[in-house]
Amino acid sequence: MKASKYLILSILLNSFLFCSAQERVTPTEETIVHDPVAIQANGKYYMFCTGRGISMFSSEDLKEWKHEAPVFAEKPAWTDDVVPDFGNHIWAPDITKFDGKFYLYYSVSAFAKNTSAIGLVTNETLDVDSPNYKWEDQGIVVQSIPNRDLWNAIDPNLIFDEEGTPWLSFGSFWEGLKLVKLSPDLKSIAQPQEWETIARRERSFKIADSNPGDAALEAPFIFKKGDWYYLFISWDLCCRGEDSTYKVVVGRSKSVKGPFLDKSGKSLFNGGGSLVVEGNENWYGAGHNSVYSFDGKDYMFFHAYDAEDGAKPKLKIKELSWENGWPKQLKLK
């Protein structure tokens, strides 16, 4: 989620995304989300997305979604130190199960600034009826500070390499998307630090460092399939109503650290990316995706803006098919 869209995003999300646990169930095509991520556990699917306190959903079949209570009833205690008077509107989570526990990364940021941090909260179970269901916040994992960092600590995604080493990708705008090695407990940056820039687009030179800039990319998600790591990223503008131009592109690498190349051989570090999905006359923009293998099939989760329903951000779940080692381009109807 990029800084340049925050005001419009806040209006949309305050209108559409707050989920109070009222036993509401909505079909996928009517479920309003931004930045969906998912996991399979306890015979169910669980989805988390941008929203007040982090929106949470559950499903038996990927077709209908029960609106659960938010992860945070109140904002984490540390957030005001990063963003004064933070409103508990938390962006772009990422969910992983590791060593018997669930790890949920999330983004805290200020409008139009890289005054941002990625936090972590954990739980022993996602079964909301279990006596062990309890979210425990672990605090800040990565933080960006204006005029110190030319990157933005939002939109996290955790991936383990072939040796089991954890890496966190993240970022939007500024000078691109980052990858940093995490400590074995997944709660902090590993020492000595190891960083990579995995994707970027050309940024106008004269733009001030405090400005998000015009290099419109964000939301990295790395998916391992066979011998390849696939880096999915979102290009262009989200959350602009009928002016949204969001789209998803992809590159691949044999190493989690890249370089990630598109179908033509161009590196995502140099602005490359092969198209996976984009908007059309029915959907103004489509992006901020995540990819999973569930029951032998690969699925892509993302949101798109419904041209026939006030440009509301709707959940999309599409099965991915592959050709010559690449995901086939998706068409929206």
Undergrad: Is the backbone N or O of L315 less than 3.5 Å from a side-chain atom of T28, with the two atoms forming a donor-acceptor pair by type?
TA: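 No, T28 side chain to L315 backbone: no donor-acceptor pair under 3.5 Å.
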Undergrad: Mind checking the NZ-CG spacing from K187 to L182? Nearest 0.5 Å is all I need.
TA: 12.5 Å
Undergrad: For D185, give me all partners under salt bridge (charged side-chain N to carboxylate O under 4.0 Å, His left out), at least two apart in sequence or on another chain.
TA: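 Salt bridge (charged side-chain N to carboxylate O under 4.0 Å, His left out) check on D185 returns nothing, list empty.
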Undergrad: Name all residues meeting the salt bridge (charged side-chain N to carboxylate O under 4.0 Å, His left out) criterion together with D306; count only those two or more places apart in sequence or in a different chain, and write none if there are none.
TA: K314
Undergrad: Ignoring hydrogens and geometry, is there a side-chain-to-backbone donor-acceptor pair from T125 to N132 under 3.5 Å?
TA: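 Judged by distance alone, no pair lies under 3.5 Å.
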Undergrad: So, do H303 and C238 sit near enough that their side-chain heavy atoms are less than 4.5 Å apart?
TA: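 H303 vs C238: side chains touch.
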Undergrad: Is it the case that the side chain of K75 and the backbone of F86 share a donor-acceptor pair, with hydrogens and angles ignored and the cut-off at 3.5 Å?
TA: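 Pair found, side chain donor or acceptor close to backbone of F86.
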Undergrad: Here's a test for you: under ring pair (Phe, Tyr, Trp, His ring centres under 6.0 Å), which of W135, W91, F72, F170 qualifies with Y106?
TA: F72
Undergrad: Sequence neighbours excluded, which residues qualify as side-chain contact (heavy atoms from CB on, under 4.5 Å) partners of A307?
TA: Y284
Undergrad: Hydrophobic cluster membership, with links at side-chain heavy-atom distances under 4.5 Å among I/L/V/M/F/W/Y: are V37 and V142 in one?
TA: no
Undergrad: Using ring centroids (six-membered ring only for Trp), state whether H34 and Y305 fall under 6.0 Å.
TA: yes
Undergrad: Side chain to side chain contact (heavy atoms under 4.5 Å, CB included), that's the test. Do K331 and Q329 meet it? Break it down for me.
TA: CA-CA 7 Å; K331 301 294 184 182; Q329 186 174 335; 3.4 Å; yes
Undergrad: Answer yes or no: is there a donor N or O on one side and an acceptor on the other, between the side chain of D149 and the main chain of N114, under 3.5 Å?
TA: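 Here the side-chain-to-backbone pair does not exist.
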Undergrad: Do the non-hydrogen side-chain atoms of M300 and V276 ever get within less than 4.5 Å of each other?
TA: yes
Undergrad: For the residue pair K97 and L126, establish whether any side-chain heavy-atom pair is separated by less than 4.5 Å.
TA: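 Sidechains of L126 and K97: no contact.
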Undergrad: Looking only at heavy atoms, what is the nearest atom pair of I233 and L217, with distance?
TA: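 Minimum heavy-atom separation between I233 and L217: CD1-CD1, 4.1 Å.
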Undergrad: Same hydrophobic cluster for L330 and L62, using side-chain heavy-atom links shorter than 4.5 Å among ILVMFWY?
TA: yes
Undergrad: How long is the gap from OH on Y46 to CD on Q40, to the nearest 0.5 Å?
TA: 10.5 Å
Undergrad: So, using side chain to side chain donor-acceptor pair (under 3.5 Å) as the criterion, who are the partners of N289 when residues are at least two apart?
TA: none
Undergrad: As a quick check of understanding, evaluate side chain to side chain contact (heavy atoms under 4.5 Å, CB included) for L179 and I222, giving each step before the final call.
TA: CA-CA 10 Å; L179 183 77; I222 301 176; 4.2 Å; yes
Undergrad: Evaluate the ring planes of H288 and Y246, with Trp represented by its six-membered ring, and classify them as parallel (under 30°), tilted (30 to 60°) or perpendicular (over 60°).
TA: tilted
Undergrad: Give me the atom names and distance for the closest heavy-atom approach of W235 to G272.
TA: CZ2-O, 3.5 Å
Undergrad: Quick one: do the S204 and D214 side chains pair a donor with an acceptor below 3.5 Å?
TA: yes
Undergrad: Between the side chains of D161 and W167, does any donor sit under 3.5 Å from an acceptor?
TA: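 Side-chain D/A pair, D161 to W167: present.
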Undergrad: May I ask you to check if K181 and W195 form a cation-pi contact, with NZ or CZ under 6.0 angstrom from the six-membered ring centre and within 45° of the axis?
TA: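 No, K181 does not sit over the ring of W195.
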Undergrad: Does any part of the side chain of Y229, heavy atoms only, come nearer than 4.5 Å to the side chain of E162, both counted from C-beta?
TA: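 Yes. Closest side-chain heavy atoms under 4.5 Å.
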Undergrad: Looking only at non-hydrogen atoms, find the nearest pair between P220 and D155 and report the distance.
TA: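 So the two residues come closest at CD-O, 3.8 Å.
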Undergrad: Can you find a pair of side-chain heavy atoms, one from P70 and one from I54, that are under 4.5 Å apart?
TA: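 A side-chain contact under 4.5 Å is absent here.
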Undergrad: I want to check something: taking the side chain as every heavy atom from C-beta on, are F232 and N157 in contact at a cut-off of under 4.5 Å?
TA: no
Undergrad: Will you find, in the side chains of S116 and N152, an N or O donor that is under 3.5 Å from an N or O acceptor?
TA: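 Per modelled atom types, S116 and N152 side chains form a pair under 3.5 Å.
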Undergrad: Where the side chain of D262 meets the backbone of S264, is there a donor-acceptor pair that is under 3.5 Å apart?
TA: yes
Undergrad: Check M56 against Y133 and note the closest heavy-atom contact, atom names and distance.
TA: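 For M56 versus Y133, the nearest heavy atoms are SD-OH, 3.4 Å.
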Undergrad: Check whether S59 reaches the backbone of D61 with its side chain - one donor and one acceptor, N or O, closer than 3.5 Å.
TA: yes
Undergrad: Grab the two heavy atoms, one from S267 and one from P259, that are nearest each other, plus how far apart they are.
TA: OG-CB, 4.3 Å
Undergrad: More than 12 heavy atoms of other residues, nucleotides or ligands under 6.0 Å from CD of Q193: yes or no?
TA: yes
Undergrad: Under a 4.5 Å cut-off applied to non-hydrogen side-chain atoms, are F223 and S293 in contact?
TA: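 In short, these two side chains touch, coming nearer than 4.5 Å.
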Undergrad: Please identify each residue that fulfils side chain to side chain donor-acceptor pair (under 3.5 Å) with W151, with sequence neighbours left out.
TA: none
Undergrad: Please test V33 against W65 for side chain to side chain contact (heavy atoms under 4.5 Å, CB included), starting from the C-alpha separation and ending with a verdict.
TA: CA-CA 11 Å; V33 301; W65 293 91; over 6 Å; no
Undergrad: Could you walk me through whether T197 and K178 pass the side chain to side chain contact (heavy atoms under 4.5 Å, CB included) check?
TA: CA-CA 5 Å; T197 299; K178 304 298 182 181; 2.7 Å; yes
Undergrad: Counting heavy atoms not belonging to E74, are there more than 12 under 6.0 Å from its CD?
TA: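 No, CD of E74 has 12 or fewer neighbouring heavy atoms, counting only those of other groups under 6.0 Å.
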Undergrad: Using the ring pair (Phe, Tyr, Trp, His ring centres under 6.0 Å) criterion, which residues pair with F160? Sequence neighbours excluded.
TA: F98
Undergrad: Can you tell me if Q138 and Y105 form a side-chain donor-acceptor pair at under 3.5 Å?
TA: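 No, Y105 and Q138 have no side-chain donor paired with an acceptor closer than 3.5 Å.
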Undergrad: Are the side chain of W174 and the backbone N or O of G213 linked by a donor-acceptor pair below 3.5 Å?
TA: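 It does not hold such a pair.
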Undergrad: Group every Ile, Leu, Val, Met, Phe, Trp and Tyr by side-chain heavy-atom contacts under 4.5 Å, then state whether V71 and Y45 land in the same group.
TA: yes
Undergrad: Please name the pair of heavy atoms, one in S55 and one in T50, separated by the smallest distance, quoted to 0.1 Å.
TA: OG-O, 3.7 Å
Undergrad: Just how far is it from atom CG of D99 to atom CG of L186, taken to the nearest 0.5 Å?
TA: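 The CG atom of D99 sits 9.0 Å away from the CG atom of L186.
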Undergrad: Between Y292 and F221, is the ring centroid distance below 6.0 Å?
TA: yes
Undergrad: Give, for atom CG of D35 and atom OG of S234, the distance between the pair rounded to the nearest 0.5 Å.
TA: 8.5 Å
Undergrad: Step through it carefully: locate the ring centre of Y230, locate the ring centre of W322, and say whether they are under 6.0 Å apart.
TA: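 When the ring centroids of Y230 and W322 are compared, they turn out to be within the sub-6.0 Å range.
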Undergrad: How long is the straight-line distance from CZ of F301 back to CD1 of I317, given to the nearest 0.5 Å?
TA: 4.0 Å
Undergrad: Is F57 reachable from F302 through a run of I, L, V, M, F, W or Y residues, each pair having side-chain heavy atoms under 4.5 Å apart?
TA: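 Yes, one cluster joins them.
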Undergrad: To the closest 0.5 Å, what do you measure between CD1 (I198) and CG (L177)?
TA: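 Reported value, rounded in 0.5 Å steps: 6.0 Å.
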Undergrad: Report yes if the side chains of K333 and N282 come closer than 4.5 Å at any heavy-atom pair, otherwise no.
TA: no
Undergrad: If you group Ile, Leu, Val, Met, Phe, Trp and Tyr by side-chain heavy-atom gaps below 4.5 Å, do I90 and I95 land in one group?
TA: yes
Undergrad: Please say whether the positively charged group of R200, taken as NZ for Lys or CZ for Arg, lies over the ring of F269, i.e. under 6.0 angstrom from the six-membered ring centre and within 45 degrees of the axis.
TA: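 Ring-cation test returns yes.
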